[in-house]
Every structure is written in structure tokens, then in C-alpha cells.
Student: 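My questions all concern the structure below.
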Amino acid sequence: EVGILAKSYIDQGRLIPDDIMTRLMLNELKGLDRYNWLLDGFPRTVAQAEALDKECQIDTVIDLDVPFETIKCRLTARWIHPASGRVYNLEFSPPKVQGIDDITGEPLVQRDDDKPETVTKRLQAYDAQTKPVLEYYRKKGLLKSFSGTETNKIWPHIYAFLQTKLPDVSQKDAATPR
């Protein structure tokens with residue numbers, strides 16, 4: 001029920017309100033205290049960060065500092081095959097025939113939240129609402145930023161940093177309780 005409500009905001013290119021998002025996320029995190037976990041895209045506001053801090057101990061926060069134009073280009077170039085969930089990117093992983101799924105030959109679609117006008121609105125909302133979260137965690141001494149435009153250039157630095165935080169965790173046993 002909460003997920004359906006959240007989807008209605010996403011479809012409009014709006015961020016999910018704090019109370020809905022916090023309720024959704026904190027419910028999912030219950031029972032994970034024996035595991036190492038990584039959140040992507042939460043918290044997005046200071047109110048969400050404060051609510052998370054009341055329930056969980058946060059060890060580190062990673063900021064991927066990527067120019068908005070790069071993000072916009074990547075997202076608006078993303079097309080999907082709805083039935084299978086296959087994802088194509090016109091820039092670096094295009095279908096063999098433009099607009100057509102490689103396997104079924106069915107048409108590809110662009111998700112509403114990947115359309116240029118929606119992406120622009122979401123990036124503007126990020127700028128207004130999420131940047132203060134970075135400052136919140138910077139003041140707590142938990143923020144580590146990585147800048148760049150290419151995953152293969154940023155990832156090695158992130159991976160090396162994470163190894164300093166979780167030196168005994170390999171990719172194969174990352175899902176094993178600690």
C-alpha cells in the first residue's frame with residue numbers, strides 16, 4: 001500500500017514525502033542489524049536522515065558527485081523492455097535495432113521517470129532537498145565524496161574506500177550475517 005502511494009509520486013517526477021519514504025525504509029531495515037548493508041537514494045532529506053539516525057547506527061555516507069548533465073544524459077538514454085525488465089542505454093548499451101528488444105523483437109519503452117522533463121524536475125528537487133543531507137553527514141564526520149562522470153573510473157576508489165570500512169568482507173560473502 002505504501003509502495004503504491006510512493007509510486008504515484010515517482011510517476012509525477014516528485015520526490016516521495018518524508019513520512020512515507022521513512023516509514024517504507026525503516027520497515028525494510030528492521031531485522032537487518034546482523035548484516036552490513038548499503039542504502040542507495042535514502043535518506044534524501046535531513047528529516048529522513050534524522051529519523052534514520054534514531055533507528056540505526058550509520059558508519060559512513062558516500063556521495064557520488066556527478067554533474068547533473070551527465071546524470072540527465074544517462075537517464076534519458078535509458079529504455080526498457082517492460083515484460084522482461086531488460087534495460088538498454090542508447091549511449092553505452094544500445095539494442096541491436098533502435099527501439100526494439102534484442103530477444104523478443106517487441107518495442108522498448110521509456111519509463112515516465114526517465115523522460116527529460118521528469119529527470120530535470122527530479123534533479124532540481126535533489127538540489128533543493130538532498131544537498132543539505134550531505135552537509136548534515138559532513139558535520140558528523142561520516143561523509144566521503146567521490147567525483148567523476150564514469151563508473152569505471154569512480155568505482156575503484158569507492159571499492160578501496162569500502163575495503164577500509166569492511167576489510168574482511170568480499171563480494172561473495174557480503175550477504176552473510178556478521
Side-chain angles (χ1 to χ4, degrees), residues 3 5-18 20-22 24-25 28-29 37-52 58-82 84-96 98-102 107-140 142-163 165 171 174:
L5 183 57
K7 185 180 182 325
S8 71
Y9 284 92
I10 293 169
D11 289 346
Q12 296 170 41
R14 297 168 50 204
L15 293 178
I16 300 167
D18 287 339
I20 296 169
M21 191 68 205
T22 301
L24 188 67
M25 290 302 299
E28 290 296 316
L29 293 173
W37 42 262
L38 175 75
L39 299 176
D40 179 8
F42 181 84
R44 289 192 178 175
T45 67
V46 172
Q48 290 175 5
E50 291 170 342
L52 180 63
I58 305 304
D59 299 315
T60 193
V61 174
I62 296 172
D63 168 37
L64 301 179
D65 182 19
V66 179
F68 280 179
E69 200 52 43
T70 300
I71 296 168
K72 186 176 178 181
C73 285
R74 288 215 185 130
L75 291 178
T76 58
R78 184 166 58 182
W79 288 76
I80 64 164
H81 178 248
S84 68
R86 275 186 290 283
V87 178
Y88 298 88
N89 187 292
L90 302 180
E91 300 293 320
F92 56 84
S93 180
K96 293 173 187 168
Q98 187 170 351
I100 303 296
D101 180 61
D102 289 348
L108 300 175
V109 298
Q110 189 173 45
R111 295 179 354 186
D112 287 340
D113 58 334
D114 287 344
K115 292 183 176 168
E117 59 278 3
T118 306
V119 171
T120 298
K121 282 200 298 193
R122 291 178 69 203
L123 289 172
Q124 289 168 343
Y126 169 88
D127 200 37
Q129 297 178 22
T130 306
K131 280 196 174 180
V133 175
L134 300 179
E135 188 56 32
Y136 173 84
Y137 285 117
R138 183 176 286 116
K139 286 179 181 175
K140 291 178 144 249
L142 298 175
L143 184 69
K144 177 70 173 168
S145 290
F146 297 89
S147 297
T149 59
E150 297 176 45
T151 302
N152 61 345
K153 291 183 180 177
I154 297 174
W155 173 244
H157 300 285
I158 296 168
Y159 185 76
F161 173 72
L162 288 174
Q163 289 299 305
K165 297 293 182 178
Q171 288 184 353

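Atom set for the values below is all heavy atoms of this structure, side chains included, hydrogens, waters and symmetry mates excluded. Keep in mind that what you see is a predicted model, and the values were worked out from it rather than measured.
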Student: So, using side-chain hydrogen bond (donor to acceptor under 3.5 Å, both in side chains) as the criterion, who are the partners of Thr118 when residues are at least two apart?
Tutor: none
Student: Shortest non-hydrogen contact from Glu91 to Ala77?
Tutor: CG-CB, 3.8 Å
Student: Provide the closest heavy-atom pair for Ile58 versus Leu142 in the form atom of the first, atom of the second, distance.
Tutor: O-CD1, 3.7 Å
Student: I need the Asp113 CG to Asp11 CG distance, nearest 0.5 Å.
Tutor: 7.0 Å
Student: Under a 3.5 Å distance rule, please check whether Gln110 uses its side chain to pair with a backbone N or O of Thr76 as donor and acceptor.
Tutor: yes
Student: I'd like to check the salt bridge (charged side-chain N to carboxylate O under 4.0 Å, His left out) partners of Glu150; sequence neighbours left out, ordered by chain and number.
Tutor: Lys153
Student: Show the nearest heavy-atom pair for residues Tyr88 and Asp102, with the distance to one decimal.
Tutor: OH-N, 2.9 Å
Student: Are any non-hydrogen side-chain atoms of Arg44 and Val133 less than 4.5 angstrom apart?
Tutor: no
Student: State which residues pass side-chain contact (heavy atoms from CB on, under 4.5 Å) with Thr70; sequence neighbours excluded, sorted by chain then number.
Tutor: Val66, Pro67, Arg74, Thr149
Student: Can you tell me how far apart NZ (Lys96) and CG (Asp101) are? Round to the nearest 0.5 Å.
Tutor: 10.0 Å
Student: I need the minimum non-hydrogen distance between Pro43 and Tyr137, along with the two atoms involved.
Tutor: CG-OH, 3.6 Å
Student: Tell me whether Lys165 is salt-bridged to Asp59, with the criterion being a basic N under 4.0 Å from an acidic carboxylate O.
Tutor: no
Student: Taking all heavy atoms of Ser147 and all of Asp65, pick out the closest pair and write down the distance.
Tutor: OG-OD2, 3.1 Å
Student: Please check if the number of heavy atoms outside Glu117 that lie under 6.0 Å from its CD is greater than 12.
Tutor: yes
Student: Check step by step if side-chain contact (heavy atoms from CB on, under 4.5 Å) holds for Phe42 and Leu24.
Tutor: CA-CA 11 Å; Phe42 181 84; Leu24 188 67; over 6 Å; no
Student: Taking salt bridge (Lys or Arg N to Asp or Glu O under 4.0 Å) as the cut-off, I'd like each qualifying pair that reaches into residues 123-136, sequence neighbours left out, listed once.
Tutor: Asp127-Lys131, Glu135-Arg138
Student: Gln48 and side-chain contact (heavy atoms from CB on, under 4.5 Å): which single residue from Ile16, Asp18, Thr130 fits?
Tutor: Asp18
Student: Without swapping roles, check the side chain of Ser8 against the backbone of Leu5 for a donor-acceptor pair under 3.5 Å.
Tutor: yes
Student: Could you tell me whether the side chain of Leu52 reaches within less than 4.5 Å of the side chain of Met25, counting heavy atoms only?
Tutor: no
Student: How would you list, by chain and number, every residue that makes a side-chain hydrogen bond (donor to acceptor under 3.5 Å, both in side chains) with Lys115, sequence neighbours excluded?
Tutor: Asp112
Student: Is any side-chain heavy atom of Phe161 closer than 4.5 Å to one of Thr60?
Tutor: yes
Student: Kindly give the heavy-atom pair with the smallest separation between Ser145 and Asp63, and that separation in Å.
Tutor: OG-OD2, 3.0 Å
Student: Quick one: list whatever passes side-chain hydrogen bond (donor to acceptor under 3.5 Å, both in side chains) with Asp114, sequence neighbours left out.
Tutor: Arg78
